[in-house]
Amino acid sequence: MAASSKYSSMSFMKVAMMVALVLVVAATVVDGQSCNAQLSTLNVCGEFVVPGADRINPSAECCNALEAVPNECLCNTFRIASRLPSRCNIPTLSCS
């Protein structure tokens, strides 16, 4: 009977760990979707950031969109973007 109890305890722990993992992944997806939606509002800033842009001062609409994006969302995006070249097996970006 002790072996059965030990087996049940291990099974419970495995199930509990799986549930916790699913919850973490679900929360990450929700945050990621929220971040994607917030980043998409920055499309109004496109004309100010493309090379050769005629306008260098962003509009109030662009500034408001940028202000509305949480810092963590922007920082995570920059971190991910900075890792992309190495993950794509291309030279690391070097801006001067």
Side-chain angles (χ1 to χ4, degrees):
M1 194 66 141
S4 177
S5 176
K6 182 178 178 181
Y7 179 75
S8 295
S9 177
M10 289 177 63
S11 294
F12 174 77
M13 289 301 291
K14 287 180 182 179
V15 170
M17 288 176 63
M18 289 300 292
V19 169
L21 180 61
V22 167
L23 291 174
V24 168
V25 169
T28 302
V29 169
V30 169
D31 286 345
Q33 289 173 346
S34 173
C35 188
N36 286 342
Q38 292 166 331
L39 288 173
S40 71
T41 65
L42 295 177
N43 288 337
V44 297
C45 298
E47 65 184 297
F48 306 102
V49 297
V50 295
D54 293 333
R55 300 176 67 188
I56 57 172
N57 292 324
S59 65
E61 185 180 24
C62 171
C63 292
N64 290 337
L66 182 59
E67 186 177 31
V69 178
N71 287 345
E72 189 63 24
C73 181
L74 286 173
C75 291
N76 283 338
T77 302
F78 291 141
R79 278 192 286 273
I80 291 167
S82 69
R83 291 189 303 240
L84 282 177
S86 65
R87 291 185 177 181
C88 292
N89 296 318
I90 59 175
T92 303
L93 182 62
S94 176
C95 302
S96 50

**Request:** Can you measure from CG (Asn76) to CG (Asn71) and round to the nearest 0.5 angstrom?
**Result:** 11.0 Å

**Request:** Mind listing the closest non-hydrogen atom pair of Pro85 and Pro91 along with its distance?
**Result:** CB-O, 3.6 Å

**Fill in**
From the list Val69, Leu74, Thr77, side chain to side chain contact (heavy atoms under 4.5 Å, CB included) partner of Cys35 resolves to Thr77

**Main-chain N/O of Glu61 paired to Asn64 side chain as donor or acceptor, under 3.5 Å** = no

**Fill in**
Sorted by chain and residue number, the side-chain contact (heavy atoms from CB on, under 4.5 Å) partners of Ser82 (sequence neighbours excluded) come out as none

**Asked** If you measure from CG on Leu66 to CG on Leu39, what distance do you get to the nearest 0.5 Å?
**Response** 10.0 Å

**Prompt:** Of the non-hydrogen atoms in Val44 and Cys62, which two are nearest, and what is the gap between them?
**Reply:** CG2-CA, 3.7 Å

**Message:** Testing the basics here: between Ser59 and Phe48, what is the closest heavy-atom pair and its distance to 0.1 Å?
**Reply:** N-CZ, 3.2 Å

